[in-house]
Amino acid sequence: MESTSGWIQRTHTCGDLRKTHAGQKVVLNGWVESLRDHGSLRFIDLRDRYGITQVILDVNGPYQQVLPDLRPEYVLSVQGKVRIRPDGMANPRIETGEVELVAEGCQILNPSRTPPFEIAELAAADQNEEIRLKYRYLDLRRRTVQKNIQLRYRVTRAIRNFLESEGFLDLETPFLTRSTPEGARDFLVPSRLQPGNFYALPQSPQLYKQIYMIAGFDRYYQIARCFRDEDLRADRQLEFTQVDIEMAFVKENDVISLVDRLLARVFKEILGKELRLPLPRLSYDEAMSEYGKDAPDVRFDLKLFDLTEAVKGLDYQVLKKAIAGGGSVRGLCLSGGKTLSRKEIDQGEELVKRAGAKGLLWLKLESDGPKGPFAKFLDPEALHRLRAAAQASTGDLILMVADQDRIALTSLGLLRLDLGRRLNLIDPSRSELLWVVDFPLVEWNEEEKRWAACHHPFTSPKEEHEELLSKDPGRIRARAYDIVYNGFELGGGSIRIHRQDVQQALFDVLQITKEEAQQKFGFLLDALSYGAPPHGGIALGLDRFVMLLAGAETIREVIPFPKTASGTCPMTGCPGPVSELQLRELRLRLEPGAGPAPPGGAGELVSK
RNA sequence: GGUGCAUUGGUGUAGCCAGGCAGCAUGCCGGAUUGUCGAUCCGCCGGCACGGGUUCGAUUCCCGUAUGCACCGCCA
């Protein structure tokens, strides 16, 4: 194509050139990755998204007027001839390393200020994150970051290709919607046309995708942005992305096997790994009693055991009290763990205490008998029962928590993970995926003295449990399922309620009043009354998925423009103040004390 | 809302426990250099987040603030 603005466009990218191009005249456009000045000879590594090509400039070349000016990150157009590098000069570290471009022309398309940090591939990897985010456009030039962002694209493409081959339609849903009770805090958007009223940004497209099902679009998907105004974490951002899927005329197995195949496709395409299908399933109760977590990391064993029966009748207060109070004694057995120091055990105790346990009991199975705070209360028979129940042998360490079931299990679940990490029991090269099924439908919220939905208030109870809605909600199991990847909840879904009477009954359990339900979800209840098909679906956390596939520590590494832990963006300085006029148009007034960020904050960073 | 850790030239760090000239690397700037590829060699410039306290003296100790990160609460 003819250039109209005086600069010469590339014929190839910086990742293209090989031996076969030798002798050809080519043009490259790109950034200066590094400069090596040998006086009368100058090497430039020219970079673009496709790779790096070495360019050779001669001090006597027809471009000598630009030579003194060249600096890292300048944007260049280089014309020249491709040459095979002299013997022994090839660079096997780059794909174009067997050739080089001997420059015959070189123009600076744009200079660059000195970057605040190095972009070059081998530059220090642990760059301060705040600076990286402030200059995200530079950070995104770095090879490793580019790889993560491109990986994200390849993952979404694989997902789209798969779902579309399965007949799913990619359908949009509004960003400006209605605030709903339950769930996370909404992001609110004031309405100018309806002063005093607010839109909410969607926490997920949940209700819309159900409406699509009722409307007959029986296979929907969307790579959807979701918004939740809650505190951030390494794996949580204010806005995040879900692979949102919904299907009509399906039961649990249809959704689960679809996602099985979807994941298998992604693992094949991205990691080259074959997943064995169907993925294993664990009931919620099994997951909790064996791993102490509803999203277990099964890359290592170290399962929890119920030791209640084994220690029942022992004259040891801690145990007696817990059992008498309706609780249980749970434990795990660390093979060869007798070498654990007292300090390490104390650290473990700290951990379980933070999870609400009163303490950590331990028993070392030495060859000359058991050692530990309650060893002397153990008669030979009880010791035998305990060893059997914990599948322990001599040299092992049994760690126990005696408490209410939930506390005993969750605290040991945390301890299990901590031990797994600290003792290197986890093989990081493994990818373990599994389904957790048969979740409870609702959970008692002690603070608010009411039942709350475990998944969301549109989740269908198991049919045989429907009658329990009015009698014993805690015993109801839901038609819900979570997919777990290396101990992370990758996604979750359910078969939805498609009958108005059941939906109403669940709202009653959740103490959502008729008025409130009518006001907030009236449209859904109405829709359910016009012939809603049985339907269900799932939402996968794309950010977490890509993070795990990339082997990254935080989802910020796979999100092009993430926010800091306090919800700010060092690059744009958002959130920022708005003008008096904007507020007046919305009929909003700020409280005294609320207002623009103080100087020295993120806003200030940007103005420099 | 809470807890912990951190903040030292442009960037990444040492020094802080045990108070007394702030060191290293890289980048920047200048010079040398014909086969480098994290080029090399020589030289130069540049810094203790902010506010208060203790002290003869604070980068160092104490308190507060700000910012970042991790975690708890929170996230159906």
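The sequence lines fix the lettering, A, B, ..., with proteins before strands; numbering per chain opens at 1.
Counting heavy atoms from C-beta on, the side chains of A:Ile214 and A:Leu528 come closer than 4.5 Å. Two residues are said to be in side-chain contact when any heavy atoms from C-beta on lie closer than 4.5 Å; A:Ser40 and A:Asp58 fail this criterion. Within the 4.5 Å cutoff, the side chain of A:Phe458 has heavy atoms near those of the A:Gln503 side chain.
Atom name C1', nucleotides B:C29 and B:G15: the rounded distance is 28 Å, in whole Å. On the C1' atoms, B:U13 is 36 Å away from B:C74, given to the nearest whole Å. B:U36 and B:G10 are spaced 35 Å apart, taking the P atom of each and rounding to whole Å. With P as the reference atom, B:C44 and B:G23 are 14 Å apart, rounded to whole Å. Taking the C1' atom of each, B:C61 and B:G19 are spaced 8 Å apart, rounded to whole Å. On the C1' atoms, B:G27 is 10 Å away from B:G12, given to the nearest whole Å. For the C1' atom pair drawn from B:A6 and B:U60, the interatomic distance equals 16 Å after rounding to whole Å. When the C1' atom is used for both B:A58 and B:C45, the distance is 27 Å, rounded to whole Å.
Rounding to whole angstrom units, CG of residue A:Leu138 and P of B:G10 are separated by 17 Å. Taking atom CG of A:Leu414 as the reference point, atom C1' of B:C72 lies 11 Å away to the nearest angstrom. Taking atom CZ on A:Phe117 and atom C1' on B:G9, their separation rounds to 18 Å, with Å as the unit. Atom-to-atom, CG of A:Leu238 to P of B:C75 comes out at 15 Å; the value is rounded to the nearest Å. Whole-Å rounding puts the A:Phe187 CZ to B:C74 C1' distance at 14 Å. Distance CD (A:Glu95) to P (B:C37): 21 Å, rounded to an integer number of Å. In this structure, the CZ atom of A:Arg354 is 13 Å from the C1' atom of B:G2, given to the nearest Å. We find that CG of A:Asp45 is positioned 8 Å from P of B:G38, with the value rounded to whole Å.
Salt bridge A:Arg236/A:Glu230: absent, no basic N to carboxylate O contact under 4.0 Å. In summary, A:Arg136 and A:Asp139 engage in a salt bridge, as defined by a charged side-chain N under 4.0 Å from a carboxylate O. Ion pair A:Glu33/A:Arg143 not flagged as a salt bridge, since none of the NZ, NE, NH1 or NH2 atoms sits closer than 4.0 Å to an Asp/Glu carboxylate oxygen. Under a 4.0 Å N-O distance rule, the pair A:Lys462/A:Asp438 qualifies as a salt bridge. Ionic pairing of A:Glu73 and A:Arg141 is present here: one or more N-O contacts between side-chain nitrogen and carboxylate oxygen are shorter than 4.0 angstrom.
Minimum interatomic distance between A:Asp297 and A:Arg416 (heavy atoms only, all atoms of both residues): O-NH2, 2.9 Å.
No engagement by A:Ala452 is indicated, since no non-hydrogen atom pair under 4.0 Å with the nucleic acid exists. Within the nucleic acid shown, A:Ala539 has no heavy atom closer than 4.0 Å to any nucleic acid atom. Counting any heavy atom pair closer than 4.0 Å across all strands shown, A:Thr459 reaches no nucleic acid atom.
In terms of polar N and O atoms assigned as donor or acceptor, the side chain of A:Arg236 comes within less than 3.5 Å of the base of B:C74 in a complementary pairing. A donor-acceptor contact under 3.5 Å is not formed by the side chain of A:Asn128 with the base of B:G68.
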Intra- and inter-strand pairs of RNA chain B in dot-bracket (Watson-Crick or G-U wobble, both distances under 3.5 Å; | for another strand): (((((((..((((......[..))))..((((.......)))).....(((((..]....))))))))))))....
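When the side-chain nitrogen and oxygen atoms of A:Arg556 are compared with OP1 and OP2 of B:A70, one or more of them lie within a distance under 4.0 Å. Checking the phosphate oxygens (OP1, OP2) of B:C69, no side-chain nitrogen or oxygen of A:Ser566 falls inside 4.0 Å. A:Arg233 has a side-chain polar atom (N or O) that falls below the 4.0 Å cut-off from OP1 or OP2 of B:C72. Look at A:Arg132 and you won't find any side-chain N or O under 4.0 angstrom from OP1 or OP2 of B:U11.
Projected onto RNA chain B by closest heavy-atom contact, A:Thr554 and A:Ile131 fall at different nucleotides, the more 5' of which corresponds to A:Ile131.
Candidate nucleotides B:C75, B:C74, B:G68 were compared by shortest atom distance to the side chain of A:Ala184, and B:C75 ranks first. Taking only side-chain atoms of A:Arg36, from C-beta outward, the nucleotide of B:C71, B:C37, B:C74 with the closest atom is B:C37.
The salt bridge (Lys or Arg N to Asp or Glu O under 4.0 Å) test applied to A:Arg18 returns A:Glu95, not counting sequence neighbours.
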For nucleotides 25-35 of chain B, tabulate all protein N/O to nucleotide N/O atom pairs closer than 3.5 Å, reporting atom names and distance.
residue	atom	partner	partner atom	Å
B:U26	O2'	A:Glu118	OE2	2.9
B:C29	OP1	A:Arg71	NE	2.8
B:U33	O2	A:Asp37	O	3.3
B:U33	N3	A:Asp37	O	3.0
B:U33	N3	A:Gly39	N	3.3
B:U33	O4	A:Asp37	OD1	3.1
B:U33	O4	A:Asp37	OD2	2.8
B:U34	OP2	A:His38	O	3.4
B:G35	O6	A:Arg83	NH2	2.6
B:G35	N1	A:Glu100	OE2	3.0
B:G35	N2	A:Glu100	OE1	2.6
B:G35	N2	A:Glu100	OE2	3.2

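Taking OH of A:Tyr63 as the start and CG of A:Leu57 as the end, the distance is 4.5 Å to the nearest 0.5 Å.
Just one of A:Glu246, A:His535, A:Gln210 meets the side chain to side chain donor-acceptor pair (under 3.5 Å) condition when paired with A:Arg496; it is A:Glu246.
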